[in-house]
A.B. asks: 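Quick one: the structure is below, questions incoming.
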Amino acid sequence: MKTNIANNTRLAAAAKVEMVKLGQDVHAKQVTVVVQLDGATPQPAQKIVVEKYLAWVGALMKRHPGARVISCYEAGPCGYWLHRRLEEKGVRNYVVAPQNWSGQRKTDSRDARALVEALDRFEHGHRKAFSLVAVPSVEEERQRGLVRHRARLVKALRRCVQQGCSLLLLEGIRLRGVWWKPRNWKELAPSLPEALAFELGQLQSQALLLRQEVEAVRERIEDLSKNQPIPAPRGVGALTWFSLLVEMIRWDRFENRRQVASYCGLCPSEYSSGATRRQGGIDKHGNPRLRVALIETVWRLLRWQPKYPPLRRLIESQPGRSRRKAVVAVARRLAIDLWRLATEKATLDEIGLSATA
């Protein structure tokens with residue numbers, strides 16, 4: 001009996017592994033990984049420092065020559081560098097949307113095991129085991145990072161200006177406009193108490209510096225926007241248009257209009273059961289920055305291209321909730337039209353837009 005067990009063990013060890021699956025919980029200092037060989041029970045979790053992880057993966061691939069190695073990890077602050085390095089090694093890696101993998105008892109090991117189990121289901125045809133995240137190329141990521149960097153600078157500038165307004169309000173001074181610009185500051189500073197003038201002067205210097213940085217990034221974005229394959233519609237500025245394009249990443253990755261609207265987070269939420277169907281506000285899934293850029297583009301088109309067919313509903317709507325719903329509907333249709341334009345399913349004339357002169 002013992003001999004048979006020993007033989008079976010040796011046969012199992014000698015059996016050729018066809019697929020190696022890795023569920024990875026990635027952090028700045030370490031990677032918690034769970035390995036599953038073919039359809040076997042996942043192995044216990046291992047914690048490996050980031051600097052040694054790629055070498056560990058290479059050693060694992062050597063132990064199973066010819067095996068197909070696939071892996072997955074959640075999108076997060078660590079970015080896509082690990083995805084790219086794994087792909088260079090020949091690993092098929094998926095970056096997936098974050099979710100609560102292990103319920104109320106959350107640990108890195110539980111998350112890694114849940115990821116590898118979801119990966120196993122995904123590879124066996126269960127396409128909804130997790131949601132894939134589109135990984136941008138290095139150039140696409142740099143362009144998108146530039147747009148987001150400008151947004152952070154603008155936010156910092158507004159916060160700095162508002163802090164100055166709050167300080168002035170403590171002294172009963174309520175200002176409107178750009179108090180921090182040199183001409184206005186020169187008139188304001190002599191009338192302030194010394195302590196307040198010093199503190200406010202620090203904020204004024206920060207605001208000027210931030211404004212210079214915002215302008216420098218804006219000029220760079222405008223230069224890059226000139227090389228975009230899709231022409232900007234008339235009335236849509238270079239910043240808004242470039243932001244919209246880079247946040248979408250690649251238009252051809254969508255198969256139909258439903259996927260486009262879903263990625264933009266512009267689909268209505270729904271709670272339906274039996275014969276009752278209830279639809280609420282938009283679910284706001286997907287990319288929030290893209291949704292903001294689309295809404296901004298709709299308002300620009302309303303002024304510069306009012307003949308765009310979907311705008312008819314917005315023009316005829318009444319102020320209030322009806323108007324807000326109309327804006328969302330136009331933004332959803334605009335995203336779909338831009339997808340049709342980018343994938344050469346329609347032209348600007350067929351959509352009802354005119355290009356920048």
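Remember, predicted model here, so these are calculated numbers, not experimental data. We're numbering straight along the sequence, starting at 1.
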A.B. asks: Arg113: which residues meet the side chain to side chain donor-acceptor pair (under 3.5 Å) condition with it, sequence neighbours left out?
C.D. replies: Glu117
A.B. asks: Any Lys/Arg nitrogen of Arg84 or Glu88 sitting under 4.0 Å from an Asp/Glu carboxylate oxygen of the other?
C.D. replies: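 No.
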A.B. asks: Relative to the ring of Phe130, is the ring of Tyr94 parallel (under 30°), tilted (30 to 60°) or perpendicular (over 60°)?
C.D. replies: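 Tilted: the ring planes of Tyr94 and Phe130 meet at 30° to 60°.
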A.B. asks: Taking it one step at a time, do Asp283 and Ser269 satisfy side-chain hydrogen bond (donor to acceptor under 3.5 Å, both in side chains)?
C.D. replies: CA-CA 5 Å; Asp283 54 26; Ser269 58; over 6 Å; no
A.B. asks: Could you list the residues that satisfy salt bridge (Lys or Arg N to Asp or Glu O under 4.0 Å) with Asp337, not counting sequence neighbours?
C.D. replies: Arg333, Arg340
A.B. asks: Which pairs with one or both residues in residues 212-254 pass ring pair (Phe, Tyr, Trp, His ring centres under 6.0 Å), sequence neighbours excluded?
C.D. replies: Phe254-Tyr263
A.B. asks: Can you name the residues that form a side chain to side chain donor-acceptor pair (under 3.5 Å) with Glu171, not counting sequence neighbours?
C.D. replies: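 Once residues adjacent in sequence are excluded, Glu171 has no partner under the side chain to side chain donor-acceptor pair (under 3.5 Å) criterion.
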A.B. asks: Keeping to residues at least two apart or across chains, list the salt bridge (charged side-chain N to carboxylate O under 4.0 Å, His left out) pairs with something in residues 18-44.
C.D. replies: Lys21-Asp120
A.B. asks: Tell me, please, which residues at least two apart from Arg68 pass salt bridge (Lys or Arg N to Asp or Glu O under 4.0 Å).
C.D. replies: Glu123
A.B. asks: Taking ring-ring contact (aromatic ring centres under 6.0 Å, His included) as the test, write out the residues that go with Trp304, two or more places apart.
C.D. replies: none
A.B. asks: Tell me, please, which residues at least two apart from Thr347 pass side-chain contact (heavy atoms from CB on, under 4.5 Å).
C.D. replies: Asp349, Glu350
A.B. asks: List for me each residue that meets side chain to side chain donor-acceptor pair (under 3.5 Å) alongside Tyr80, sequence neighbours excluded, and say none if there are none.
C.D. replies: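 Testing Tyr80 for side chain to side chain donor-acceptor pair (under 3.5 Å), a comparison that skips the adjacent residues, returns none.
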A.B. asks: What residues, two or more places apart in sequence or in another chain, satisfy side chain to side chain donor-acceptor pair (under 3.5 Å) together with Ser354?
C.D. replies: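 Gln305.
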A.B. asks: Got a sec, which pairs hit side-chain hydrogen bond (donor to acceptor under 3.5 Å, both in side chains) with one end in residues 146-166, sequence neighbours left out?
C.D. replies: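 Residue pairs passing side-chain hydrogen bond (donor to acceptor under 3.5 Å, both in side chains), neighbours aside: Arg148-Glu247.
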A.B. asks: Excluding sequence neighbours, so at least two apart, what forms ring-ring contact (aromatic ring centres under 6.0 Å, His included) with Tyr308?
C.D. replies: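 Here no residue qualifies.
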